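Written out below as structure tokens is the structure these notes cover.
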Amino acid sequence: MTALADFLIALALAPLLPGIINRVKAFFAGRQGQSPFQLYYDLLKLLRKGAVYSTCATYVFRLGPVIGLAAMLGALAVMPGGSGDALHNFDGGIIFFAYLLALARFAAILAALDTGSSFEGMGASREALYSALAEPPLFVALAMLVKTTGGLSFEAAFPDAALLGGTPRLLAAAALFLVFLAENCRIPTDDPNTHLELTMMHEVMVLDHSGPDFAFISYGAALKMWVLGALTARFLLPFGPGFELRQEALFLAAMFAIALLTGVVESCMARLRLNRVPAMLLAALALSFAAFVTA
Amino acid sequence: MMELLLILILLTDVALCSTGRLRVLVRTAAWQGFFLGLLALCKGFTFHAATLAAATIAVKAVIFPYILNRAIRKSGTLTEPLPYVSYNLSIVLCALMLGLCVLAADRLPSGQWRMAASIGFFTMFTGFFLIITRRTAFSQVIGYLALEGGIYAFGLSLWQEMQVEVEMGLLLDVFAAIFIMGIVIYRISSEFEHADTARLDFLNDSEEYD
Amino acid sequence: MISAAVYIPALAGLLAAFTTPAKARKLLIGGAVLHAAACAALWLSRPAPGQWLMADAPALLFLSVSSLLFLLCAFYAKGYLQTLTERGHGHILSGVLTREPEPVFIAFMLLFLSSMSFVCLSRHLGTMWIALEATTVATAPLICFHRSPRSLEAAWKYLMLCSVGIAVALLGNFFVSASLPSPELRLWHDNLLRNAAALNPLWLKIAFVAAFIGYGTKMGLAPMHTWLPDAHSEAPSVISALLSGALLNCAFLALARISSVCMAAGLGAFVGAMFITFGAASVVVAAALMLRQHDYKRLLAYSSVENMGIIALAYGAGAPYAALLHAVNHSVTKALLFLSSGNILRVYKTKKMHEVANLGQTLPATAMLWGAGFLAILGMPPFGAFISKLLTIKALVGSGHYAVAGLFLFMLAAVFAVTAHAVLGMYRKGAQLPPAEEKPIFLLPPFLLGLAALALGLYLPHGFDAALKSAASALGGLP
């Protein structure tokens with residue numbers, strides 16, 4: 001029951017995260033900024049519109065956003081929220097989670113390639129490169145969990161992670177935060193506000209999607225931010241199972257803090273040069289490896 | 001507290017492997033020296049430990065960066081030209097070295113200081129790695145600093161209260177070594193107009209030398 | 001009392017750094033003479049060990065060899081600096097170049113002597129490490145005195161490799177302290193020897209390996225020798241003489257101090273095997289590289305690698321007496337050779353052997369010394385090195401290392417053939433240079449060293465023999 005509540009909270013609050021980030025960036029830039037609820041309005045607007053499809057696009061293009069959103073919903077279902085219970089808990093959930101992320105990316109890349117646009121192909125290739133580099137740190141961090149707990153489900157693993165010292169958990173959380181930034185196309189790897197197709201990465205892949213499809217993609221991206229944020233947060237907050245108001249509040253505060261931190265990073269840093277991004281992700285790998293060996 | 005310092009030292013090691021900008025390297029090495037100095041306080045806040053920490057921080061976090069920055073400014077070299085091992089590969093190797101060091105330190109009976117031993121080893125190997133794979137004299141000096149810092153951290157993990165005279169002598173020695181290295185680098189860069197040790201190849205045993 | 005040997009040169013050095021060249025030269029001679037006097041006083045009084053310093057038999061032996069070499073080299077250096085001043089700011093090989101100010105050079109020489117004495121007299125493994133690293137720091141500026149590109153390169157390699165090597169030896173010190181049964185024991189060398197049985201052998205073994213790599217680098221054992229030919233051939237000849245003759249010995253002493261603890265703790269077989277392996281490797285590598293050497297100073301440098309290999313072989317075969325005797329012989333002979341090479345370089349202005357001819361006519365006195373030095377270093381009978389090499393072979397055979405003994409003999413023969421051929425070439429008829437003036441200040445020091453090399457072969461005074469024996473028993477790991 002509490003797991004369902006968590007799930008619903010995530011569904012409801014996920015679009016708030018990009019809003020918070022935007023607000024923080026506006027604050028640093030000295031602007032008023034858009035409302036933190038802007039994404040909700042955008043989603044409603046997009047859902048009311050119709051979709052336009054290119055004549056040379058096939059069903060792969062139409063399937064992309066649907067698979068992406070479905071995969072994120074699945075990932076959210078195995079990731080426990082503040083209560084410590086996951087909606088769908090089974091042994092192997094950790095692997096399932098990692099592959100759902102990959103599936104969503106696969107669908108997005110295929111959909112981008114399907115349009116035949118050279119810009120989208122370029123964006124897809126960069127996305128593929130970065131996600132390939134972002135996966136090892138994620139897996140090593142997850143392997144650390146599995147190594148300590150022996151179980152392959154988040155629900156079992158997170159409470160046991162309390163057995164770990166603070167060090168490995170801190171290191172893993174730092175590595176996962178870097179993965180979070182890369183996977184969600186935030187600033188050191190990608191700039192979500194860029195306006196030139198050549199410099200875009202994630203945004204260029206979705207240029208051809210419109211109406212409800214684009215709403216799916218935007219909502220999927222928000223959910224992805226939520227699950228990866230939750231993963232990072234839960235490394236730092238290894239709650240036991242069961243509902244507790246304090247835990248719930250801490251968890252939501254942590255999510256809020258991650259969004260704030262992302263906003264601060266985006267405001268203080270410039271985007272890395274393309275060939276330096278692998279260094280950042282490899283550093284994340286080194287961090288999670290450090291966590292793995294010190295665990 | 002100690003764990004946090006060790007993690008910070010570990011992060012400086014990774015940072016040292018990941019960049020070729022000399023000023024960043026010097027700054028990172030300075031931070032590492034600062035953390036190493038604080039590490040001395042983790043065994044208990046005695047007068048002895050405080051002296052050691054203060055001296056270490058003064059030498060490693062203030063004086064060395066000053067000497068190195070001065071030499072860098074005079075030589076006009078700002079970045080490492082094409083290291084033998086790319087930065088990305090360096091980070092991966094760094095991660096592997098860390099694993100090996102932790103395994104090695106596990107075999108030593110250093111008790112609760114196991115983590116200090118492994119990070120000490122790791123810092124040492126980072127230093128070796130920099131000396132072997134970087135070309136400018138500056139990076140090599142920074143590698144030497146890391147090597148020495150690693151030995152110091154490792155020594156902290158095992159040492160049973162070394163005499164203060166010995167510690168101070170050690171520090172003085174390292175200070176003198178870095179000082180002389182700074183002078184030699186300065187001479188090299190004014191004589192050769194670069195500080196790239198890969199191009200120091202006059203001396204060898206081949207017949208056609210000179 | 002003991003500390004005088006460390007303080008006198010250090011003080012003289014600090015004073016010399018801030019005076020005029022003429023006064024600095026006086027300080028150099030004065031410091032060297034006073035140091036020799038302090039050394040003699042130590043022989044006579046045999047003071048009890050202090051907290052940090054002790055003057056036991058090995059310390060005194062190595063200290064006096066260093067002191068005597070330094071005394072002779074100080075006179076030679078005085079002459080060398082005088083000719084430099086007369087000639088102005090020219091470099092011997094490459095024309096006009098700047099060089100370090102003379103007082104600085106002299107100051108570093110004296111600091112070098114001070115740190116070397118500190119290595120010899122150290123009672124604590126930690127201070128011994130500090131002193132040995134200090135020798136590296138003090139000698140690097142001496143190597144690049146002329147600031148020529150080649151000498152800077154040599155100084156850089158020397159500084160980097162030796163500092164890194166020595167850092168590994170520091171790790172070894174920490175491992176030794178980890179092997180202590182109780183922390184109160186600390187790293188006093190004599191304490192360690194006395195309590196060797198109580199040390200943890202595993203830690204001690206790791207410590208020995210680290211110390212061997214570290215001090216072995218400084219000693220120039222192959223394959224850690226790569227800095228040595230560069231540094232020893234590019235330094236001014238008088239500095240080369242000190243580096244080869246005195247400093248390598250100090251590194252050996254440091255290594256032998258730790259080894260003796262390990263032997264006393266029952267690791268004798270392991271220690272011996274390490275010494276034999278690296279000693280044999282040094283002899284082979286040096287012989288191989290001497291084969292195609294065209295530079296006479298590099299030839300001498302490789303010969304130092306070879307002789308350090310011989311010392312390691314003798315020590316590893318359980319004959320510390322032979323090792324010490326060879327160390328003394330090598331010091332005296334190699335200093336003689338390097339000083340003579342300085343005389344040749346000054347006149348011929350080249351280090352290539354095939355560009356030197358008519359040595360006998362151009363520099364008759366130096367030619368005599370040079371030839372005698374080579375006969376001595378190659379181990380020809382009237383000279384001391386013959387005896388110590390013979391003792392080494394005897395020890396190798398006696399300890400059952402027949403293959404190593406065979407290899408050693410073969411390498412000695414190879415080195416003999418190669419060196420004799422190369423050196424004889426320098427006496428051949430060729431382009432005539434006008435006979436050059438040979439100043440007594442450049443001849444007397446090598447001549448005295450030559451006499452010493454001869455004397456060591458003909459007659460070992462009883463007192464010296466006894467000193468060698470007691471030093472050998474102290475370093476042999478026997479309590």
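Proteins come first, then strands; the chains are lettered A, B, ... in the order of their sequence lines, and each starts at number 1. Everything numeric here is computed off the predicted structure, so don't read it as measured data.
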Side chain, backbone, both or neither: which part of C/A140 has an atom under 4.5 Å from a heavy atom of chain B?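 It is the side chain, since no backbone atom gets that close.
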
Engaged part of C/A154 at the chain B interface, taking heavy atoms whose separation is under 4.5 Å: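 Both parts, backbone and side chain.
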
Can you tell me which portion of [X] sits under 4.5 Å from chain C's heavy atoms? Options are side chain, backbone, both or neither.
| X | value |
| --- | --- |
| B/I183 | neither |
| B/F121 | side chain |
| B/F128 | side chain |
| B/I151 | both |

Would B/F129 and B/F122 count as a close aromatic pair, with their ring centres under 6.0 Å?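 Between B/F129 and B/F122, the centre distance exceeds or equals 6.0 Å.
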
Quick one: CZ on B/F35 to CG on B/L6, what's the gap to the nearest 0.5 Å?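 So the gap between those two atoms works out to 11.0 Å.
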
Going by distance alone, is a donor N or O of one side chain under 3.5 Å from an acceptor N or O of the other, for C/K157 and C/T226?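 There is no such pair between these side chains.
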
Closest-packed option against chain C by number of heavy-atom pairs under 4.5 Å, given B/A137, B/G127, B/G143, B/G150: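 It is B/A137.
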
Answer yes or no: is there a side-chain heavy-atom contact under 4.5 Å between [X] and [Y]?
| X | Y | value |
| --- | --- | --- |
| B/E80 | B/F138 | no |
| C/Y158 | C/D230 | no |
| B/F64 | B/V174 | yes |

